[in-house]
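For reference, the structure discussed in these notes is given below.
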Amino acid sequence: MPELPEVETVRAGLNKLLPGRIVADVWHNWPKSFPNAPADVARFLVGAKVLAVNRRAKVLIINLSGGYSLVVHLKMTGQLVFQAKNRRFGAGHPSDDLVAKLPVKSTHVIIDFTDGSKLFFNDQRKFGWMRLLPTDHLSDIDFFKKVGPEPLDDNFTVSKFIERLMRRPGSNIKSALLDQTVLAGVGNIYADEALFAAKIHPATLVADINRRKLTTLHSELRAILRTAIASGGSTDRNYVDAEGKKGSYLSFAQVFRREGQPCPRCGTTIIKIRVAGRGTHICPRCQKEPKTK
DNA sequence: CACTTGACCTGTCCGC
DNA sequence: TGCGGACAGGTCAAGT
């Protein structure tokens, strides 16, 4: 579910809400959602103060005093939602107000702060996780060692993009974009949108795409990610930000989840196909099928 | 080695 | 209305 823009939206929200708060207690009901709790929780989490909330790729890093960080991956259906003190007891909340209803059926971890506010980790499909890890050693973890560059960094140039993609010359471009070791944070929605914008068929082999097209793909991908962040991300089903609000980017999406509708560029009907084992949305006219396949 | 498939889970939607 | 099957935004491990 959450890709870079969604995780970044959650990060920005939490970074306004959490720093300065002190953990009072932690509850959890699904061991896989929090594999090293409760053993390390009492020792390193309770009493710790939140310093800052950072992001790398699709992973959130909540820095705590005491040298530990809470590292969170939302995977497909994870939510990290903050509830201010007494929020749940207020009257007149609209029925779609998630925060007022917390905890919900899919709540697997609750972090209580000393001021009475709470952070809820909800995850319908239970693929997501949070772990308490020593901050100084995060860079030793396999994931952080292997993950590719942030596509929105200033120094993520066209040459860098092409160099990274060329690590997988023989794979199709969609797989390469989704590969987190090639570059960080791109998932199914933004891969489809960027390939449509650059008029590249997702099954095209990386080595068969010319430099001009890759240059377009680079700039379109970055523009799409930035617009998505500005829209608060994409809510297809479950995604909400730190305050329980949905993102609106899908109203701008050109092809994702728009099969059966006319291509906004040429009017041809958008179709859904399968590439790299994932549902993939294309305009069959704008994105010509590669000859070699 | 590089790519594909299955597994991890629950909920929803679609066809019979 | 009920039931089976396919499918869902992500990543691993295991298989080819």
Side-chain angles (χ1 to χ4, degrees), chain A residues 1-10 29-35 55-60 71-80 98 104-109 121-131 141-148 165-196 202-207 221 224-225 228-229 231-241 246-253 255-260 272-281 290 292-293:
Chain A
M1 170 191 198
E3 308 180 26
L4 188 153
E6 291 73 34
V7 180
E8 176 57 25
T9 302
V10 173
N29 73 346
W30 182 252
K32 286 182 183 175
S33 295
F34 202 163
R55 178 189 62 79
R56 178 76 171 96
K58 298 174 191 172
V59 174
L60 286 160
V71 180
V72 186
H73 201 308
L74 301 173
K75 289 286 181 85
M76 303 275 262
T77 55
Q79 305 173 331
L80 216 41
L98 170 65
V104 292
K105 189 178 173 188
S106 63
T107 298
H108 299 303
V109 184
F121 179 54
N122 308 328
D123 188 12
Q124 187 176 96
R125 288 174 75 178
K126 299 179 176 173
F127 289 172
W129 47 259
M130 55 172 63
R131 286 188 177 81
I141 291 158
D142 250 21
F143 173 84
F144 292 109
K145 277 196 285 195
K146 289 196 281 190
V147 72
L165 287 176
M166 288 310 285
R167 293 158 63 104
R168 302 200 39 186
S171 80
N172 63 66
I173 183 66
K174 176 145 181 182
S175 296
L177 289 175
L178 294 177
D179 183 341
Q180 299 298 296
T181 69
V182 171
L183 70 161
V186 178
N188 211 31
I189 297 175
Y190 302 107
D192 281 6
E193 289 298 311
L195 289 169
F196 170 80
T204 315
L205 299 187
V206 171
L221 176 62
I224 286 166
L225 292 174
I229 292 170
S231 314
S234 297
T235 293
D236 187 31
R237 304 182 160 197
N238 294 271
Y239 167 73
V240 293
D241 69 11
K246 299 178 175 188
S248 63
Y249 183 76
L250 282 192
S251 63
F252 302 107
V255 289
F256 188 81
R257 281 290 156 88
R258 293 193 185 275
E259 60 270 32
K272 186 171 180 183
I273 59 176
R274 193 154 277 269
V275 177
R278 312 293 303 277
T280 299
H281 310 75
T292 55
K293 174 63 205 301

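Every chain is numbered from 1, with letters handed out A, B, ... down the list of sequences.
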Value in whole Å for how far the [atom2] atom of [N] lies from [atom1] of [X]:
X: A/Asn29; N: B/dC9; atom1: CG; atom2: P; value: 13 Å
X: A/Glu193; N: C/dG9; atom1: CD; atom2: P; value: 13 Å
X: A/Arg278; N: C/dA6; atom1: CZ; atom2: P; value: 18 Å
X: A/Asp236; N: B/dC13; atom1: CG; atom2: C1'; value: 13 Å
X: A/His281; N: C/dC7; atom1: NE2; atom2: C1'; value: 11 Å
X: A/Ile224; N: C/dG9; atom1: CD1; atom2: P; value: 17 Å
X: A/Glu3; N: C/dT11; atom1: CD; atom2: C1'; value: 13 Å
X: A/Phe256; N: C/dA8; atom1: CZ; atom2: C1'; value: 9 Å

Original post:
Under the 5.5 Å and 30° test, is A/Phe127 stacked on the base of B/dC8?
Top reply: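 Yes, aromatic ring over the base.
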
Which pair of non-hydrogen atoms, one from [X] and one from [Y], has the smallest distance, and what is that distance?
X: A/Phe127; Y: A/Trp129; value: O-CD1, 3.8 Å
X: A/Leu225; Y: A/Pro5; value: CD2-CG, 3.8 Å
X: A/Leu80; Y: A/Leu60; value: CD2-CD1, 3.7 Å

Work out how far the [atom1] atom of [N] is from that of [M], and round it to whole angstrom.
N: C/dG5; M: B/dG6; atom1: P; value: 16 Å
N: B/dG11; M: C/dT11; atom1: P; value: 22 Å
N: B/dC14; M: C/dG9; atom1: P; value: 16 Å

**OP:** Step by step, work out the side chain to side chain contact (heavy atoms under 4.5 Å, CB included) result for A/Leu221 and A/Leu183.
**Re:** CA-CA 12 Å; A/Leu221 176 62; A/Leu183 70 161; 3.9 Å; yes

Could you tell me whether the side chain of [X] and the main chain of [Y] form a donor-acceptor pair under 3.5 Å?
X: A/Thr77; Y: A/Arg125; result: yes
X: A/Glu3; Y: A/Ile189; result: yes
X: A/Arg258; Y: A/Gly260; result: no

**OP:** Verify the ring-centre separation between A/Phe121 and A/His108: is it less than 6.0 angstrom?
**Re:** no

Original post:
With sugar-phosphate meaning primed atoms plus P, OP1 and OP2, does A/Gly279 contact a base, only sugar-phosphate, or nothing at under 4.0 Å between heavy atoms?
Top reply: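 Here A/Gly279 touches the backbone only, sparing every base.
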
Subject >> With A/Lys58 via salt bridge (Lys or Arg N to Asp or Glu O under 4.0 Å) - residues at least two apart >> reply: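 Counting only residues at least two positions away or on another chain, A/Lys58 forms no salt bridge (Lys or Arg N to Asp or Glu O under 4.0 Å).
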
Original post:
With sequence neighbours excluded, what pairs up with A/Arg56 under the salt bridge (Lys or Arg N to Asp or Glu O under 4.0 Å) test?
Top reply: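 Result, salt bridge (Lys or Arg N to Asp or Glu O under 4.0 Å) vs A/Arg56: A/Glu150.
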
What N/O pairs connect the protein and nucleotides 10-12 of chain B at under 3.5 Å? Give each pair on its own line.
{"residue": "B/dT10", "atom": "OP1", "partner": "A/Lys126", "partner atom": "NZ", "Å": "3.0"}
{"residue": "B/dT10", "atom": "O4'", "partner": "A/Gln124", "partner atom": "O", "Å": "3.3"}
{"residue": "B/dG11", "atom": "OP1", "partner": "A/Lys105", "partner atom": "NZ", "Å": "3.0"}
{"residue": "B/dG11", "atom": "O4'", "partner": "A/Gln124", "partner atom": "OE1", "Å": "3.3"}

**OP:** Using the ring pair (Phe, Tyr, Trp, His ring centres under 6.0 Å) rule, take A/Tyr249 and A/Tyr190 through it: C-alpha gap first, then chi angles, then the decisive distance, then the call.
**Re:** CA-CA 10 Å; A/Tyr249 183 76; A/Tyr190 302 107; 5.6 Å; yes

**OP:** Among C/dG9, C/dT11, C/dA8, find the nucleotide with the atom closest to the side chain of A/Ile189.
**Re:** C/dG9

Original post:
Should A/Asn122 and A/Lys105 be marked as a side chain to side chain donor-acceptor pair (under 3.5 Å) after you check the CA-CA gap, both sets of side-chain angles, and the distance that decides it?
Top reply: CA-CA 8 Å; A/Asn122 308 328; A/Lys105 189 178 173 188; over 6 Å; no

**OP:** Give the intermediate values and the outcome of side chain to side chain contact (heavy atoms under 4.5 Å, CB included) for residues A/Leu195 and A/Thr280.
**Re:** CA-CA 10 Å; A/Leu195 289 169; A/Thr280 299; over 6 Å; no

Original post:
What dot-bracket string describes DNA chain C from 5' to 3', counting Watson-Crick and G-U wobble pairs whose defining distances are under 3.5 Å, with [ ] for crossing pairs and | for pairs to another strand?
Top reply: .|||||||.|||||||

Polar atoms only, N or O, under 3.5 Å: list the protein pairs with nucleotides 2-6 of chain B and their distances.
{"residue": "B/dC3", "atom": "OP1", "partner": "A/Gly170", "partner atom": "O", "Å": "3.4"}
{"residue": "B/dC3", "atom": "OP1", "partner": "A/Ser171", "partner atom": "N", "Å": "2.8"}
{"residue": "B/dC3", "atom": "OP2", "partner": "A/Arg168", "partner atom": "NE", "Å": "3.4"}
{"residue": "B/dC3", "atom": "OP2", "partner": "A/Arg168", "partner atom": "NH2", "Å": "3.2"}

Scan nucleotides 12-16 of chain C against the protein and return all N/O pairs shorter than 3.5 Å with their distances rounded to 0.1 Å.
none

Subject >> Working for side chain to side chain contact (heavy atoms under 4.5 Å, CB included), residues A/Glu193 and A/Val255 >> reply: CA-CA 6 Å; A/Glu193 289 298 311; A/Val255 289; 3.4 Å; yes

